[in-house]
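The structure appears right after this line, and notes come after that.
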Amino acid sequence: MTQPNLTKNDGITPRSQDYSQWYLDVIKRADLAEHSAVRGCMVIKPHGYAIWEKMQRELDDRFKATGHVNAYFPLFIPLSYLTREEKHAAGFAKECAVVTHHRLKSIDGKVVVDPESKLEEPLVIRPTSETIIWDTYKGWIQSYRDLPLLINQWANVVRWEMRTRLFLRTAEFLWQEGHTAHATEKEALEETYRMLDVYADFAENIMAVPVIRGKKTPGERFAGALETLCIEGMMQDGKALQMGTSHYLGQNFAKSSDVTFLNAAGQREYVYATSWGVSTRLVGALIMTHSDDTGLILPPKLAPIHVVIVPIFKNDAEKIKVLEEAGKVAGELKAQGLVVKLDDREGIMPGAKYYEWEAKGVPVRIEIGPKDLEKGSLCLVRRFVLEKEGETEQEQRKRKKTFVPCAEALAGIKPLLDTMQRELLERAHLLRTKRSRVINSLAEFEQFFKDGGGFAWVHWAGTHEQEEEMAKRFETTIRCIPLPDQIPADAHGTGSCILTGQPSAQRVVMARAY
RNA sequence: CGGGACGUAGCGCAGUUUGGUAGCGCGCUUGGUUCGGGACCAAGAGGUCGCGGGUUCAAAUCCCGCCGUCCCGACCA
């Protein structure tokens, strides 16, 4: 495999210098993805896709555990379907790819769209699947006995974005979308909150990203939803990232697609709906939450490779012995269910291998050399533990090496990974705490964002227009109206709106956002 | 879609002002010496200079158009 230039600082721009460039550099160095020939679309490379696959597995298990099943609906949506729900249609109108023809033909050696093949009705490439799914559900639901209908699909969607960033916003992306039908509003609302909790649990316990669960303001709601719930994470630059949404759709889509059922009393009713989704954007969240200037840092639960073993030897005699031991160690760790990479490439300095695997985010490295064979020990190195909190660049790059008796080391890897998983969440939590502030005046608000910003907990009673005013003046938006149990102790209670001074029931989270 | 910058070998760049037919570093291949934090020596391979047109005896270089990337705005669930 071709490696990028490994001299100097790994080709990674320091976070402190240019966060956007750092983000792109990490993606490149960790070999996660690249821009494709198609505008706004990316190629997810094996290492990046492996992370997504792990996310999928974790999420899918949780969906199944909460009673959902998977299905697949078409990529194409008849234009007339998309326009059935007025607000929904308006919300997506500006970013739809449309298929209008079904055939090409060759004219003078040039392949062109055959004008004769124009479709009677254009097909929209799904920006989301509510409309086609509800049209389908119509045929599946007759009785309250058919409810609830709990279906998820893993799919790609297309939203023709003007400005794209790898993983965070691309024209085509991968996601899952759950679409459920319920007999009562209460049940549907419970589902909406349940799936939000699933996302929050996944974000915190698997991604090690602390999130705030909340509601979107009407202006930020999903097109066609009565309520949009979200989880919001904070990236290392203090900006917010919406990491998942769960929508209560009421009877809007049931009405526009005429999906009714007979209840136990024999009365015809429209069903109540939810939809919820997370996307490959989560890979971006992962990068921006944990990684550093040497590259990607992955929580062990999402790391495609848990442990890399780097053998060290000077001559053939040592090589044979060291590789034999390395093979044994790899075998024993694999038997524990861990994914282990033995990097036995020749002609590459051990140090070069260290940097490469650190850039790719492998949590634990084991170095095995002649000295370890003598002592019966292994050298353990953790991805984000420095030898000392150094001032110089060299010191910041050097990881702490721990020499542990072999048997003890082997038994200790799994607990070590668990510890690292926990430490990453703690680190992210600490950063969020540091960059969150309860704010009561506009002057303080302005200063907070001048100083780098973060999450501002402010009282709010403004209108949608006043939200836009805040966005213009400070580049901030209301990320969410936090659910009651999400509000820190010092942010409880009523107060007065930071902009208008009107009475406010609770604080909201304002931040700059991706 | 507006403003700016950029596009030359896998990656990073020089060369463009002043036109003369392409170079450097890293990576890659082969051989040897190396190997506990990014090795060294030697010999090699690799380029439609983003795409299309124009000017010219001659274009990476000048002109026009287009495409793409990045940054800033607008837009955005």
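Because the structure is predicted, anything quoted here is derived from the model rather than measured. So that the names make sense, note that chain A is the first sequence line, chain B the second, and so on, each numbered from 1.
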Worksheet item: Rounded to the nearest Å, what distance is computed from the CG atom of residue D25(A) to the P atom of nucleotide U69(B)?
Response: 17 Å
Worksheet item: Picking from C76(B), G36(B), C11(B), which would you name as closest to the side chain of P370(A)?
Response: G36(B)
Worksheet entry | Counterpart residues, side-chain contact (heavy atoms from CB on, under 4.5 Å), relative to R169(A) (two or more places apart) | E161(A), R281(A)
Worksheet, complete the sentence: Testing U34(B), G12(B), C71(B) for proximity to the side chain of L24(A), the answer is C71(B)
Item to complete: With heavy atoms under 4.0 Å as the rule, sort E346(A) into base, sugar-phosphate or nothing.
Response: nothing
Worksheet item: Expressed in whole Å, how much space separates the P atoms belonging to C24(B) and C71(B)?
Response: 32 Å
Practice prompt. For G219(A), report the nucleic acid contact type (base, sugar-phosphate, nothing); a contact means any heavy atom under 4.0 Å.
Written response: nothing
Item to complete: Can you figure out which of U69(B), C71(B), G36(B) approaches the side chain of D372(A) most closely?
Response: G36(B)
Practice prompt. Give E367(A) one of three labels, base, sugar-phosphate or nothing, depending on what nucleic acid heavy atoms sit under 4.0 Å from its own.
Written response: base
Worksheet item: Rounded to the nearest Å, what distance is computed from the CG atom of residue D18(A) to the P atom of nucleotide C70(B)?
Response: 13 Å
Worksheet, complete the sentence: Assert: residue with more 5' nearest nucleotide on RNA chain B, out of F222(A) and I312(A), is I312(A)
Discussion item. What contact category does T128(A) fall into here, base, sugar-phosphate, or nothing, at under 4.0 angstrom with non-hydrogen atoms?
Written reply: base
Worksheet item: Between Y23(A) and Y19(A), is the gap from one ring center to the other below 6.0 Å?
Response: no
Fill in: Side chain of K94(A) (C-beta onward), nearest among C75(B), C71(B), G37(B)
C75(B)
Fill in: Length of the CD-C1' vector between E34(A) and G10(B), whole Å
11 Å
Worksheet entry | Identity of whatever pairs with C1(B) - Watson-Crick or G-U, under 3.5 angstrom | G73(B)
Worksheet entry | Complementary nucleotide of C49(B), counting Watson-Crick and G-U pairs under 3.5 Å | none
Discussion item. Could you tell me how far G36(B) sits from G31(B) if I compare only their C1' atoms? Round to whole Å.
Written reply: 27 Å
Worksheet, complete the sentence: Paired to G7(B) by Watson-Crick or G-U wobble criteria (both distances under 3.5 Å) is C67(B)
Item to complete: Nearest whole angstrom, please: distance from the P of C35(B) to the OH of Y354(A).
Response: 13 Å
Practice prompt. Would you mind listing every ring-ring contact (aromatic ring centres under 6.0 Å, His included) that reaches into residues 150-171 of chain A, with sequence neighbours excluded?
Written response: W52(A)-W154(A)
Discussion item. Can you confirm whether or not the ring centre of H88(A) sits under 6.0 Å from the ring centre of F253(A)?
Written reply: yes
Worksheet item: Now, which nucleotide makes the Watson-Crick or G-U wobble pair with C28(B), with each of the two distances under 3.5 Å?
Response: G44(B)
Discussion item. With a 4.0 Å cut-off on N to O distance, would you call R345(A) and E356(A) a salt bridge?
Written reply: yes
Worksheet item: Is R365(A) positioned over the aromatic face of Y354(A), cation under 6.0 angstrom from the ring centre and no more than 45 degrees off axis?
Response: yes
Worksheet item: Considering only the P atoms, how many Å lie between A43(B) and C63(B), rounded to the nearest integer?
Response: 42 Å
Worksheet entry | Closest to side chain of E95(A), choosing from C70(B), C76(B), G36(B) | C76(B)
Worksheet item: Just how far, in rounded Å, is P of C76(B) from CD of E161(A)?
Response: 10 Å
Item to complete: Identify the residue among R62(A), Q176(A), E191(A) that makes a side-chain hydrogen bond (donor to acceptor under 3.5 Å, both in side chains) with H68(A).
Response: E191(A)
Item to complete: Would you classify P218(A) as touching base, sugar-phosphate or nothing, given that sugar-phosphate means primed atoms plus P, OP1 and OP2, and contacts are heavy atoms under 4.0 Å?
Response: nothing
Worksheet item: Taking a pair as Watson-Crick or G-U wobble with both distances under 3.5 Å, which nucleotide is matched to U33(B)?
Response: A39(B)
Worksheet, complete the sentence: C62(B) -> Watson-Crick or G-U wobble partner, both distances under 3.5 Å, gives G54(B)
Worksheet item: With rounding to whole Å, what would you report as the distance between C26(B) and A39(B) at their P atoms?
Response: 12 Å
Worksheet item: When you compare G46(B) with A5(B), how far apart are their P atoms, in angstrom units rounded to a whole number?
Response: 37 Å
Worksheet item: So what does E475(A) hit on the nucleic acid, given a heavy-atom distance under 4.0 Å: a base, only sugar-phosphate, or nothing?
Response: sugar-phosphate
Worksheet item: Whole Å only: how far is the NZ atom of K319(A) from the P atom of U34(B)?
Response: 14 Å
Item to complete: Please state whether the base of G37(B) and the side chain of K353(A) form at least one donor-acceptor pair under 3.5 Å?
Response: no
Worksheet item: Which nucleotide, in any strand shown, forms a Watson-Crick or G-U wobble pair with G23(B), with both distances under 3.5 Å?
Response: C13(B)
Item to complete: Looking at every strand, decide which applies to K401(A) at a 4.0 Å heavy-atom threshold: base, sugar-phosphate, or nothing.
Response: base
Worksheet item: Side chain of K398(A): nearest nucleotide among C71(B), G37(B), U69(B)?
Response: G37(B)
Worksheet item: Taking the same atom, P, in C64(B) and in C75(B), what whole-Å distance lies between them?
Response: 32 Å
Worksheet item: Any idea which of C76(B), C70(B), G36(B) is nearest the Q21(A) side chain?
Response: C70(B)
Worksheet item: G19(B) and G25(B): how far apart are their C1' atoms, nearest whole angstrom?
Response: 27 Å
Worksheet entry | C67(B) and A22(B), which share atom name C1', separated by this distance in whole Å | 24 Å
Practice prompt. In whole angstrom, give the distance that lies between atom CZ of R512(A) and atom C1' of C72(B).
Written response: 14 Å
Fill in: Nucleotide forming a Watson-Crick or wobble pair with U18(B), both distances under 3.5 Å
none
Worksheet entry | Which residue lies more 5' along RNA chain B, comparing C379(A) with L166(A) via nearest heavy atoms | C379(A)
Discussion item. Please confirm whether the shortest side-chain N or O distance from K314(A) to OP1 or OP2 of G36(B) is below 4.0 Å.
Written reply: no
Discussion item. Whether D197(A) and R213(A) form a salt bridge (side-chain N of Lys/Arg under 4.0 Å from carboxylate O of Asp/Glu) is what I want to check.
Written reply: yes
Response to the item:
Which of G73(B), C35(B), C70(B) is nearest the side chain of F313(A)? It is C35(B)
Worksheet entry | Proximal nucleotide (of G36(B), G73(B), U69(B)) relative to the M349(A) side chain | G36(B)
Item to complete: Check every strand shown and say whether R365(A) touches a base, only sugar-phosphate, or nothing at a heavy-atom separation below 4.0 Å.
Response: base
Worksheet item: Under the salt bridge (charged side-chain N to carboxylate O under 4.0 Å, His left out) criterion, do K216(A) and E232(A) qualify, and how do the steps go?
Response: CA-CA 10 Å; K216(A) 285 295 185 189; E232(A) 293 283 329; 2.7 Å; yes
Discussion item. Using whole Å, what does the distance between atom C1' of nucleotide G36(B) and atom CD of E387(A) come to?
Written reply: 12 Å
Item to complete: Establish whether the base of G37(B) is bridged to the side chain of E356(A) by a donor-acceptor pair shorter than 3.5 Å.
Response: no
